[in-house]
Visitor: 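Handing you this structure, nothing more for now.
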Amino acid sequence: MREVTLLIRHHGEPESDVTANYPQVTLSSRSSMTGRTNSRKRIIEVSGNPEVIPAFLEEFGEADPILDLEPLSPVDRDRVYVAMTYDAYQWDSISERLSDMEVHYRNGTTITAGWERWTLYLDDDDDINEIRTSLEAAGNDTELVRNVELSEVGVTNQLDMFEFVQELTPRQREVLTLAIREGYYERGRDTSIEELADIVGVAPTTAWEHLKRAEGKVMSELYDYLQSAPTSD
C-alpha cells in the first residue's frame, strides 16, 4: 500500500475558489458531516491574518451552496471555528468522488490558496494516474507531491512537514524562510527584523507579527512531536 499526497484545485466550489482569493487564510475541516437530507453541517477552522478572516467569511457565506455560517469563536482572531451548513445537492464533493473510486483517504482536508490537500492510501492495483485523470475530467487541477510505500513511513509519530507548511500563510512562509536564509536565528546574528522587513517590503511591525505567528506554529508542531516521540533511557 502507498501513501499519496495530492493537491486538488477544486474549481467551482467555494472552499477552493474563495480561499484562492484569500491566500493569507487556511481552511481546515474539523468534523465529519452530519445530516441526511440536502442540508449538511460540519465544523471548519479558519486560520490566518485576523484582519482578513472577517472578509473571507463574508464572501464564503455568500456562496450559493452555503446555507449558513455560524462563528463559534470571535472572528477577529487568527484562528476561528465556524459551523457551516450547506446544500449537499449543490456541492461537488471530492470525498464522494474518491469514495466512488473506492479510494481510501484521510479525513481532515486543509485548503490554502485554492488548493485542497488530500492524503490517499492506495493498494498495489490502484493507479494514481487514473485517479488524477478522473478528477481532472471533472474540471479540477491536480498536483502530485508525495508517493511513498506505506512501509517507508515511520511507525512513530513524525513531523509531517508538508502538512505543517500548508498551515502557514504565504507571507508567514516568506518571512520565516527569509529569516532562516539571512541568519536571523544564528548566534551573534547581524540581521535585524528591520532588514527583513525592508527585503519583504513591509513595515517592521508587520514582519515581526508574521514571524512570531510562524514561530508559534513551528513551536506548536514541535511540542506535539516531542510529546509523542519515544524517549531513550
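Position 1 is the first residue of the sequence; numbering continues from there.
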Visitor: Is there a path from Met84 to Tyr22 through hydrophobic residues (I, L, V, M, F, W, Y) whose side chains come within less than 4.5 Å of each other?
Guide: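 Result: yes, single cluster for both.
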
Visitor: With a 3.5 Å distance limit and no angle check, can you tell me whether Thr133 reaches the backbone of Asn129 through a side-chain donor-acceptor pair?
Guide: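 A pair under 3.5 Å: yes.
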
Visitor: Same cluster or not: Tyr185 versus Val200, using hydrophobic residues (I, L, V, M, F, W, Y) connected whenever any side-chain heavy atoms lie under 4.5 Å apart?
Guide: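 Hydrophobic grouping puts Tyr185 with Val200.
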
Visitor: For side-chain contact (heavy atoms from CB on, under 4.5 Å), just list the numbers for Arg106 and Tyr121, CA-CA rounded to whole Å, side-chain angles, deciding distance to a tenth of an Å, and then say yes or no.
Guide: CA-CA 8 Å; Arg106 182 190 298 172; Tyr121 299 100; 3.1 Å; yes

Visitor: Val202, Ile180: one ILVMFWY side-chain cluster at the under-4.5 Å cut-off?
Guide: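 Yes: a chain of side-chain contacts under 4.5 Å links Val202 to Ile180.
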
Visitor: Does the distance from a Lys or Arg side-chain N to an Asp or Glu carboxylate O, for Glu174 and Arg171, drop under 4.0 Å?
Guide: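 Judged by the 4.0 Å cut-off on N to carboxylate O distance, Glu174 and Arg171 do form a salt bridge.
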
Visitor: Between Tyr184 and Glu195, is any pair of side-chain heavy atoms under 4.5 Å apart?
Guide: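 Heavy-atom side-chain distance check fails, nothing below 4.5 Å.
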
Visitor: Taking atom CD1 of Ile193 and atom CD of Glu209, what is their separation to the nearest 0.5 Å?
Guide: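 So the gap between those two atoms works out to 10.5 Å.
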
Visitor: Starting from Leu120, can I reach Val148 by hopping between I/L/V/M/F/W/Y residues whose side chains sit under 4.5 Å apart?
Guide: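 In one cluster with Val148: Leu120, no.
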
Visitor: Can you measure from OG (Ser47) to CD1 (Ile53) and round to the nearest 0.5 angstrom?
Guide: 6.5 Å

Visitor: For the pair Phe60 and Ile44, evaluate side-chain contact (heavy atoms from CB on, under 4.5 Å) and give the outcome as yes or no after the intermediate values.
Guide: CA-CA 12 Å; Phe60 188 68; Ile44 59 174; 4.1 Å; yes

Visitor: Is there side-chain contact between Val103 and Asp126, with at least one heavy-atom pair below 4.5 Å?
Guide: no

Visitor: Taking it one step at a time, do Thr142 and Arg132 satisfy side-chain hydrogen bond (donor to acceptor under 3.5 Å, both in side chains)?
Guide: CA-CA 6 Å; Thr142 68; Arg132 294 180 66 183; 2.8 Å; yes

Visitor: So, the side chain of Ser73 versus the backbone of Tyr81: is there a donor-acceptor pair under 3.5 Å, distance only?
Guide: yes

Visitor: So, taking the atom named OH in Tyr105 and the one named CG in Leu122, what distance separates them when rounded to the nearest 0.5 Å?
Guide: 13.5 Å

Visitor: Whether Arg9 and Asp17 form a salt bridge (side-chain N of Lys/Arg under 4.0 Å from carboxylate O of Asp/Glu) is what I want to check.
Guide: yes

Visitor: Does some side-chain heavy atom of Asp100 sit less than 4.5 Å from a side-chain heavy atom of Glu102?
Guide: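 They are not in contact (no side-chain heavy atoms under 4.5 Å apart), so the answer is no.
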
Visitor: Regarding Gln172 and His210, is there a side-chain donor-to-acceptor distance under 3.5 Å anywhere?
Guide: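 On atom types as modelled, these side chains do not qualify, holding no pair under 3.5 Å.
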
Visitor: Is Ile94 reachable from Trp115 through a run of hydrophobic residues whose side-chain heavy atoms are each under 4.5 Å from the next?
Guide: no

Visitor: Would the number of heavy atoms belonging to other residues, nucleotides or ligands and lying under 6.0 Å from CG of Asp125 be above 12?
Guide: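 Yes, because the 6.0 Å sphere around CG of Asp125 holds more than 12 heavy atoms from other groups.
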
Visitor: With a 4.5 Å cut-off on side-chain heavy atoms, are Ser39 and Leu67 touching?
Guide: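 Side-chain contact under 4.5 Å: yes.
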
Visitor: Are the side chain of Thr19 and the backbone of Ser16 linked by a donor-acceptor contact shorter than 3.5 Å?
Guide: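 A pair under 3.5 Å: yes.
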
Visitor: Report yes if some heavy atom in the side chain of Ile8 is under 4.5 Å from a heavy atom in the side chain of Asp141; otherwise report no.
Guide: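 No, too far: nothing below the 4.5 Å cut-off.
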
Visitor: Locate the shortest heavy-atom distance separating Asn140 from His10; write the atom from each residue and the value.
Guide: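 Shortest heavy-atom contact: OD1-CD2, 3.0 Å.
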
Visitor: In this structure, which one of Leu27, Ile43, Leu69, Val75 forms a side-chain contact (heavy atoms from CB on, under 4.5 Å) with Val82?
Guide: Leu69

Visitor: Can you check side-chain contact (heavy atoms from CB on, under 4.5 Å) on Thr26 and Thr110, steps first, answer last?
Guide: CA-CA 7 Å; Thr26 295; Thr110 299; 3.5 Å; yes

Visitor: Kindly compute the distance separating CD1 (Ile111) from CD (Glu13), expressed to the nearest 0.5 Å.
Guide: 10.0 Å

Visitor: Answer yes when Arg42 and Glu15 have at least one side-chain N-carboxylate O distance shorter than 4.0 Å, and no when they do not.
Guide: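 Yes.
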
Visitor: Check the pair Thr109 / Ser29 against side-chain hydrogen bond (donor to acceptor under 3.5 Å, both in side chains), numbers first and verdict last.
Guide: CA-CA 6 Å; Thr109 310; Ser29 177; over 6 Å; no

Visitor: So, the side chain of Arg2 versus the backbone of Asn147: is there a donor-acceptor pair under 3.5 Å, distance only?
Guide: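 Yes; at least one donor-acceptor contact below 3.5 Å.
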
Visitor: Do the non-hydrogen side-chain atoms of Thr119 and Val4 ever get within less than 4.5 Å of each other?
Guide: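 Result no, sub-4.5 Å side-chain heavy-atom pair not found.
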
Visitor: Is any side-chain heavy atom of Leu196 closer than 4.5 Å to a side-chain heavy atom of Glu182?
Guide: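 In contact.
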
Visitor: Give, for atom CZ of Arg117 and atom OG1 of Thr5, the distance between the pair rounded to the nearest 0.5 Å.
Guide: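 The CZ atom of Arg117 sits 4.5 Å away from the OG1 atom of Thr5.
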
Visitor: Set out, in order, the CA-CA distance, both residues' side-chain angles and the distance that settles side-chain contact (heavy atoms from CB on, under 4.5 Å) for Arg40 and Thr85, then state yes or no.
Guide: CA-CA 6 Å; Arg40 304 290 177 87; Thr85 304; over 6 Å; no

Visitor: Does Arg77 reach the side chain of Pro50, with side-chain heavy atoms less than 4.5 Å apart?
Guide: no

Visitor: Please check if the side chain of Ser99 supplies one atom and the backbone of Ser95 the other of a donor-acceptor pair under 3.5 Å.
Guide: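 Yes: the side chain of Ser99 pairs with the backbone of Ser95.
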
Visitor: Which distance, rounded to the nearest 0.5 Å, do you find between the CD of Glu116 and the CG of Leu6?
Guide: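 Atom-to-atom, Glu116:CD and Leu6:CG are 10.5 Å apart.
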
